[in-house]
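Data block below; observations after.
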Amino acid sequence: MKFAHDIIIKPVLTEKSYDNMANKTYAFIVDKRATKTEVKSAIEEIFGVQVDSVNTVNNLGKMKRQGLHQGRRPATKKAYVKLKKDSKGIEFFDSIAQ
């Protein structure tokens, strides 16, 4: 059984995510194995909002070199969560954006 705080790792705080807050769309780094329905239920449980849709993006880690040695940074999964029109906003993001 997965817990909500195990699925949602951290919020994404970038210029693009700030621009989407006006449309009630928020971005989060989530567990790579999490499904859209698990992300939706975790967001609703943690923040007490109503989720309309969830879009996910898998990001492959960047190649990095240190001299002769090379490797990859860890891969991540990002979720864009759109809230319903009548739902309240997520207070964490609203306090930062203003």
Side-chain angles (χ1 to χ4, degrees):
M1 183 174 127
K2 294 182 184 177
F3 295 105
H5 290 283
D6 294 334
I7 294 173
I8 307 301
I9 297 172
K10 65 181 182 178
V12 176
L13 302 174
T14 60
E15 288 184 27
K16 182 178 176 182
S17 67
Y18 284 133
D19 292 342
N20 289 334
M21 284 183 203
N23 302 329
K24 290 193 176 180
T25 302
Y26 302 94
F28 297 92
I29 300 290
V30 297
D31 183 32
K32 287 185 278 193
R33 299 169 302 238
T35 63
K36 290 182 179 184
T37 54
E38 290 172 341
V39 171
K40 178 179 177 177
S41 62
I43 294 292
E44 289 176 345
E45 179 182 332
I46 293 171
F47 297 107
V49 295
Q50 296 175 335
V51 175
D52 186 27
S53 65
V54 177
N55 295 329
T56 58
V57 178
N58 286 308
N59 295 324
L60 188 61
K62 289 170 63 173
M63 288 294 295
K64 298 305 273 183
R65 282 186 31 175
Q66 182 69 35
L68 294 175
H69 306 287
Q70 64 181 7
R72 283 197 180 272
R73 287 190 177 166
T76 58
K77 187 173 194 176
K78 194 185 302 183
Y80 291 97
V81 178
K82 183 165 179 62
L83 303 182
K84 291 187 178 179
K85 296 236 187 258
D86 57 346
S87 176
K88 64 181 177 94
I90 296 178
E91 294 173 8
F92 172 77
F93 284 98
D94 293 340
S95 64
I96 291 174
Q98 296 177 8

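FYI, the numbering just counts along the sequence from 1.
Partners of Thr37 according to the side-chain contact (heavy atoms from CB on, under 4.5 Å) rule, which considers only residues two or more places apart in sequence or in another chain, are Thr35. By the side-chain contact (heavy atoms from CB on, under 4.5 Å) test, Ile46 is found to be paired with Ala4, His5, Ile8, residues two or more places apart in sequence or in another chain being considered.
Within the structure, every pair that satisfies the salt bridge (Lys or Arg N to Asp or Glu O under 4.0 Å) test and touches residues 22-43, not counting sequence neighbours, is listed here: Lys2-Glu38, Asp31-Arg33. Within the structure, ring pair (Phe, Tyr, Trp, His ring centres under 6.0 Å) contacts touching residues 20-55 (residues at least two apart or in different chains) are Tyr26-Phe93, Phe28-Phe47, Phe28-Phe93.
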I'd like a table of donor-acceptor pairs (distance under 3.5 Å, sequence neighbours excluded) in which one partner is a side-chain atom from residues 52-77, with atom names and distances.
residue	atom	partner	partner atom	Å
Arg65	NH2	Gly67	O	3.4
Arg72	NH1	Gly61	O	2.6
Lys77	NZ	Ala34	O	2.7

N/O donor to acceptor pairs below 3.5 angstrom from side-chain atoms of residues 79-90, sequence neighbours left out:
residue	atom	partner	partner atom	Å
Lys82	NZ	Asn23	O	3.1
Ser87	OG	Gln50	N	3.1

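When hydrophobic clusters are built by joining Ile, Leu, Val, Met, Phe, Trp and Tyr residues whose side-chain heavy atoms come closer than 4.5 Å, directly or via intermediates, Ile7 is not grouped with Val12. Val39 and Ile9 are assigned to two separate hydrophobic clusters, defined by single-linkage of ILVMFWY side chains at heavy-atom distances under 4.5 Å.
Interatomic distance, Thr14 OG1 to Lys78 NZ, rounded to the nearest 0.5 Å: 6.5 Å. Atoms CG and OG1, on Asp19 and Thr25 in that order, are 11.5 Å from each other to the nearest 0.5 Å.
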